[in-house]
Every structure is written in C-alpha cells, then in structure tokens.
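Below is one structure; the comments refer to it alone.
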Amino acid sequence: MKNIEISVIFKNIAKLLTIKGEASFRIKSYEKAADIISDLAEDVSELIEAGKFQSFSGIGKTIEDKSKEILETGTCQAYEKLIAEMGIEALDLLELRGVGGKTAGVLYNDLGIKNLNDLSYALDSGKLQGVKGIGKKTLETISDSLIFLKTYKGTRILARCLDIAKHLSKILDNCDSVNQYQFTGDVRRLEEVCRSIEIVVECSDDIIATKNALVETFSTHQQPLQTVINEPQNYTAKIPILEPIEKIHLFVDSGLPVTVYLCSAVDFESVLFLTTPTPEHLNAIPSVNERCESKESLTELQNKTEVEIYDKLGMSFIPPELRKYPDSVTLAIEDQLPQLIEFNDLRGDLHTHTDWSDGAHCMEDMVEAAIARELDYYAITDHSVSSSVANGLDQQRLLKQIKYVHQLNEKTEGITLLAGSEVDILRDGSLDYSDEILAQLDIVVASVHSNFTLSEAEMTKRVICAIENPYVMIIGHLTGRLLGRRQEYPINVPEIIHAAAENNTILEINGSPSRLDLGPEYVRQAKEAGVLIAVNTDAHSIPESERYKYGVNVARRSGLTKEDVLNTYPLEQLRQILNRDIS
DNA sequence: GCCGTTTTCGGCCCGACTGTTTTCAGTCG
C-alpha cells in the first residue's frame, strides 16, 4: 500500500462527506491529511513504525488509526460505510465542471441524483431547469463536462495503470505455473490514458490448469486491489487470429477491464507482437494484415522473439511506444525509424517548484533529489505573483530568490542551479514581471493558469503574445488539459506551433501524470515545424521529481530523438540556444 | 478531524478572481 493510495482514500472520504453536507472543518481535515500524505518523501508505514507520523501538523490520532487500518486491510471501515451508503459513483458528481461541493449536495440530497447516469437522465428530462443556483450557462457547462467524462468513463491514467500492474504482478509472481508474463496493449505502448490492462502469460505446462489456478487466485487473493472475474457472453477478440488463445477477463479498480492471454512458450512473443499495437497499426503491416483477419494459426511467427518476427517481416524492430499509428510501419520497412530519446539522455530539469511558492519541499531538498538523479543543471521556477493561490512570488521576493539560488549554486557541488520562474500569462497575454526583472532570469517558463474560458481566438492571441515576448523561453503545459478530468481549453495549437517556430520558443512536455501536456499528436506537429521540446517534471515535491519518466514516455511516443529535446543538451549549448537576441 | 490548551472544547476557514445569479459558488496550482 503506497502513500498515494492512502491519500486517495482520505480524499474520497472528504468528497463523500462534502456531498453529504458534513461539517466543513472535518472535511478540510481529511483533505489536508490527504495532501500531507501524498507529498511525504517517506512511507506512511515507516513513519507510523517510528512514531513520527503524528508529528506532522494535520495528522492526529484518527488519521493515524485509519492509516494503519488501510495499511493492514487495504481500506477502512468508515470509508466502506460511506461507499455502502452513498455509492462510489457519487464521487463522479464532483468531477464535473461547474459542480462544486454545494451543487453536488443539491444534486445528491435534494434531487436524488446519485451518479452520472441519473444526472444524464435529469438533464434530458429538464429536471434541472429552474433549480436555484443552476442557471442556463452552468447547465451548459455541466452538460459539456458530462459528455467529456463519459468519453473517459472506465479509463485510467497511465500512472494509475502502472500501479495496478504492480499489484497484478505480485499475484502472477506467486503462481507456480506461470513461466513469464508481460504487460501488453495500452500499458506496453505507455498510452497517457489506458482503456484496459492486457497481460500475456506464458504457462509452464497445462494451459487450462494454469487458467483455473489464476482464476482461483484472482477471486480469493488478499491484495488490497479488488479483482472481479468477468465472463463475457459474446466476447470476440480484437483480432480473429487471437480467438483460439485462452483468456481470463476480469475487472480491477472498480471497473477497469483486464484481459490475460494464456499461451505456451512457442506463442508467447507472437501473442505479445499481436496484442501490443493498435489495430490501426497492426493492419498497416502488409504481410500480417490478411492473416489477422482469419482464425488460422500464424504458425510462421511461432518460436520467435519479437525482434526475429520483425526481421522475418522485413522491417526493423518497432519500439512499443511507436505501435499506435500506422506511419511507423512505413519507417520500419525503410529502416528509417528515429533513435528515440532515453531516460538518461536528460541532463536537466527546467520547470520545478519549492516551498517558496506552492512546493512541498525546500530548495535544498529539491536540489538534493536532482543531484541524486545525476542531473547537470536544475532550474527553480516558482510561481509568479498572479498565482496568489500558489503563494506566487512578487518582484521583491523573486529578486531575493534569484540571489538565494545564486548563493546556493556557489555552495553546491555537482550541479548548476538556474534561477527561473514560471510566469503567469495574464488574460491579455502580458506577463507578471517587468522585462527588467525577466532579464535577470536564466529560465523563463510562461504558462496559463487563469481565465480558461476565453474564446479560441482570444486564447491563441494571448499565448502568441507571450511567445513573442523575447524573454519567454518555454511555454508550460500549453493546452491546460487534465487527463480524464478537464478538457483542453480552446486554443489553436497549429498556430501556436507556427509562432513558436518563428520565435524560437520551446514548448514543454509537462511530466505531471495527470497533464502530460503536450500530447504526442501535437508534439509530432511541433517536431515537424522544427520546434524544440523541453521535457520537464513541474515537480512540487521530492517524489514528483520522478515524473521525468512520464515526460520521456510522451517524447518517445512522439518519435522524438535526443536532439529534439532542449534539456538533453549540455549546459553551454543550452545557454546558447536560449540566449537569443534581446534588444 | 486537528490543534492547543484557560486539559475539555472552541476555533479553525488558501484567497483573489470570475461569472452566474441576484448573493455566492466555482475555479486556479
């Protein structure tokens, strides 16, 4: 049980209590505890054991007791009772744009709307018209948001899927007749949002016996992750050729579908080969295409590794991340696939926060984590004054911080610290700081944090105005999306990419697993336009320094090489690239 | 629910801004 899972339970308790209309301070306490726990650098279990957990202000006896219970049983009774009473789906109401605690309470308590289906029905039947506090515009917002949430219903962000994958791995590791296994499909392609988890399992002898053993384990295992065996009536495999392969279907994590393919050693890698790509990609492989449409066995692929399969098909090996679109097939046939960027190609992080603004840890601790990552350079980019919620720095504090960064840099061995800022792009496209101040910064990341409801034309003009500011080096999380929760705001990305190319402005891949903004579709366009990309963590705490992995995943899925990414360059070269003519 | 004690319970409340609604709920990191 990891901190993040305990944190989620407390967050959900807070949400359910909010909808119920419980006392606000009790709710706040759960929210605060959830925030503290998710930012901890140490495991809750270790802190409890050492008697240090309650030394954090906001963690009391009740939270410690419940945390212990969660660590032991995977959940706590108070939470289970709330779920039994209100239904876990009530939580979805709070995910809607335009719906906060009060409105969710009105929907749930006064109108009997318990989940998104009820809400959908209420919207269609006009039940929400004339409800006090919900006007025409709010109804529109809720309605749009409902459509968006339904599109993502049943999906999970990659970070969550990788956690689930770890749980499932423990179960498979303990099954004697499993020789080896590998995650495939969406998870192997490292999709930002996964629709399902798929696993290929190589069985040691009797496939049916292994299947029965695994079904038994999935039904009775003691892991904190609940699994429910599902036997679909009319299941058809994504591609007919996989029909004869034995499968187990189950649900995890309250509704995420899992498919386990069970095969013998001779078929292991060919099943992996067939299940990793999207159907669109697989269909583009000429010699495989026809056979996948039939149920005949693909015997010529048996007993081969994936590399050998690609070789036999007359093409170079395609990394799993590139098996989404068909175009990589052509490149592989021509032996023209890009040499994808690797994790350790990154030499620095150009977007990070500290407790000077809304980060959880002090600058020294964040820098220490960067040194542990063996980075060559590290930019401190706390929020600017307009992000008052995030304790953004006014000009005076920024000047003080610049000095502090320089001093810390003097004292610190093995890494170069860069003084920076994540500057708000204001409504009219201007920035929070004067040019005089911006000129003193090594790194200027400019981001939109407010006024998300402008028209596409206004928003595009706003960001282009920032791009044209000669002091702006990087545009942070360009589209403002939160995966599965908030749509991108309206903005013309191709126009932005064009402006970035004209002004030598860098676009960011933000490594926050709930953002991963820009996504591969846009990054590919940016690369084509010759725009450099920065892969940043936007870390607000030490654990979040690990987010670079997600950022690199997106870069790889976008077909980026080391040369396409700004922060793979040595510091001197980075300075040259950023040191544009400023008159 | 947590904290800090006047040690048995009262006070706690991100906050500036937007925008819909008509006084306040929702939003942002």
Side-chain angles (χ1 to χ4, degrees), chain A residues 10-11 13-14 16-19 21-39 53-67 76 78-79 82 93-107 128-142 145 351-360 381-394 421-427 432 445-454 458 476-477 480-482 485-487 489 510 512 514-515 517 537-541 544:
Chain A
F10 286 140
K11 242 177 219 157
I13 290 177
L16 291 168
L17 293 176
T18 304
I19 297 171
E22 284 284 327
S24 63
F25 294 114
R26 200 174 152 224
I27 296 165
K28 283 261 179 294
S29 296
Y30 278 112
E31 282 173 351
K32 190 176 175 189
D35 286 344
I36 293 170
I37 291 169
S38 70
D39 285 339
F53 195 35
Q54 286 191 43
S55 66
F56 293 88
S57 177
I59 304 291
K61 186 170 183 312
T62 309
I63 296 289
E64 172 156 343
D65 287 347
K66 286 196 164 72
S67 300
C76 67
Y79 181 44
L82 277 172
L93 296 175
L94 276 174
E95 295 299 317
L96 291 156
R97 302 278 100 193
V99 176
K102 300 279 180 193
T103 310
V106 169
L107 295 175
L128 294 185
Q129 273 167 16
V131 175
K132 192 170 179 289
I134 305 177
K136 191 174 159 229
K137 186 80 184 175
T138 305
L139 263 186
E140 245 176 62
T141 309
I142 293 176
S145 173
H351 182 173
T352 72
H353 298 271
T354 71
D355 61 2
W356 281 66
S357 64
D358 61 346
T381 57
D382 274 308
H383 288 283
S384 63
V385 64
S386 286
S387 283
S388 53
V389 191
N391 190 24
L393 281 63
D394 58 23
S421 174
E422 182 184 16
V423 190
D424 268 40
I425 304 175
L426 305 180
R427 188 185 183 123
D432 245 356
V445 180
S447 313
V448 169
H449 289 128
S450 60
N451 303 95
F452 280 39
T453 53
L454 299 183
E458 285 172 311
H477 48 71
R481 72 174 180 179
L482 292 179
R485 281 195 289 146
R486 184 173 74 201
Q487 231 163 344
Y489 42 66
N510 186 293
S512 162
S514 50
R515 287 189 185 272
D517 182 8
T537 63
D538 195 3
H540 285 69
S541 64
E544 288 179 3

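Order of the sequence lines fixes the chain letters, A, B, ..., with proteins taken first and strands second; residue numbering starts at 1 for each chain.
In this structure, Arg427(A) atom CZ and dT18(B) atom P are separated by 7 Å, rounded to whole Å. Between Glu64(A) atom CD and dC3(B) atom P there is a gap of 11 Å when expressed in whole angstrom units. One interatomic measurement links the two molecules: CD1 of Ile36(A) to C1' of dC3(B), which rounds to 12 Å at whole-angstrom precision. The CG atom of Asp424(A) sits 13 Å away from the P atom of dT18(B) (whole-angstrom rounding). Between the CD1 atom of Ile142(A) and the C1' atom of dT20(B) there is a distance of 12 Å, given to the nearest Å. Look at CD1 on Ile134(A): it is 12 Å from C1' on dT20(B), rounded to the nearest Å. Across the protein-nucleic acid pair, Glu31(A) atom CD and dC14(B) atom P stand 9 Å apart, rounded to whole Å. One interatomic measurement links the two molecules: CG of Leu426(A) to C1' of dT18(B), which rounds to 15 Å at whole-angstrom precision.
Comparing the C1' positions of dT7(B) and dC2(B) gives a spacing of 15 Å, expressed to the nearest Å. Nucleotides dT8(B) and dG1(B) have their C1' atoms positioned 16 Å apart, rounded to a whole Å. Comparing dC28(B) with dT20(B), their P atoms sit 14 Å apart, to the nearest whole Å. With both ends at atom P, the span from dG11(B) to dA16(B) equals 24 Å, rounded to whole Å. For the P atoms, the distance from dG4(B) to dC13(B) is 12 Å, rounded to whole Å. Atom name C1', nucleotides dC12(B) and dT5(B): the rounded distance is 14 Å, in whole Å.
Tyr489(A) comes within contact range of no nucleotide atom at all, as no heavy-atom separation falls under 4.0 Å. Contact annotation for Thr453(A): backbone-only contact, meaning every heavy-atom pair under 4.0 Å involves sugar-phosphate atoms and none involves a base. Using a 4.0 Å heavy-atom distance criterion, Ile27(A) is classed as making no nucleic acid contact. Among the heavy atoms of the strands lying under 4.0 Å from Lys136(A) are primed sugar atoms or P, OP1, OP2 only; no base atom is included. If you check every strand for non-hydrogen atoms under 4.0 Å, Ser24(A) touches nothing.
With a 6.0 Å radius and a threshold of 12 heavy atoms from other residues, nucleotides or ligands, Gln129(A) has its CD atom at or below the threshold. Counting non-hydrogen atoms of other residues, nucleotides and ligands closer than 6.0 Å to NZ of Lys11(A) gives a total above 12.
Classification of the His383(A)-His353(A) ring pair by plane angle, with boundaries at 30° and 60°, yields parallel.
Partner of Asp424(A) under the side-chain hydrogen bond (donor to acceptor under 3.5 Å, both in side chains) criterion, chosen from Ser450(A), Ser388(A), Ser387(A), Ser386(A): Ser387(A).
When the nucleotides dT20(B), dC3(B), dG19(B) are ranked by their closest atom to the side chain of Thr138(A), dT20(B) comes out on top. Among dT18(B), dC13(B), dG1(B), the nucleotide with an atom closest to any side-chain atom of Asn451(A) is dT18(B).
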Stepwise side chain to side chain donor-acceptor pair (under 3.5 Å) test for Asp432(A) and Ser384(A): CA-CA 6 Å; Asp432(A) 245 356; Ser384(A) 63; 2.6 Å; yes

Phe10(A) and Ile63(A): CA distance, side-chain angles, deciding distance, side-chain contact (heavy atoms from CB on, under 4.5 Å) verdict: CA-CA 9 Å; Phe10(A) 286 140; Ile63(A) 296 289; 3.9 Å; yes

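In dT22(B) the base sits anti relative to the sugar, since the glycosidic angle is further than 90° from 0.
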Treating primed atoms plus P, OP1 and OP2 as sugar-phosphate and everything else as base, which nucleotides of nucleotides 23-29 of chain B get B, S or - for protein heavy atoms under 4.0 Å? --SSSBB

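Smallest separation of non-hydrogen atoms from Arg481(A) and Asp517(A): N-OD2, 3.7 Å. The two residues Ile36(A) and Ser57(A) make their nearest non-hydrogen contact at CD1-O, 3.3 Å.
Of all nucleotides present, none satisfies the Watson-Crick or G-U wobble test against dT8(B) with each distance under 3.5 Å.
Looking only at distances, no side-chain donor or acceptor of Ser357(A) sits under 3.5 Å from a matching main-chain atom of Asn391(A).
Using a 5.5 Å limit on the distance between ring centres and a 30° limit on the angle between planes, the aromatic ring of Phe25(A) counts as stacked on the six-membered base ring of dC12(B).
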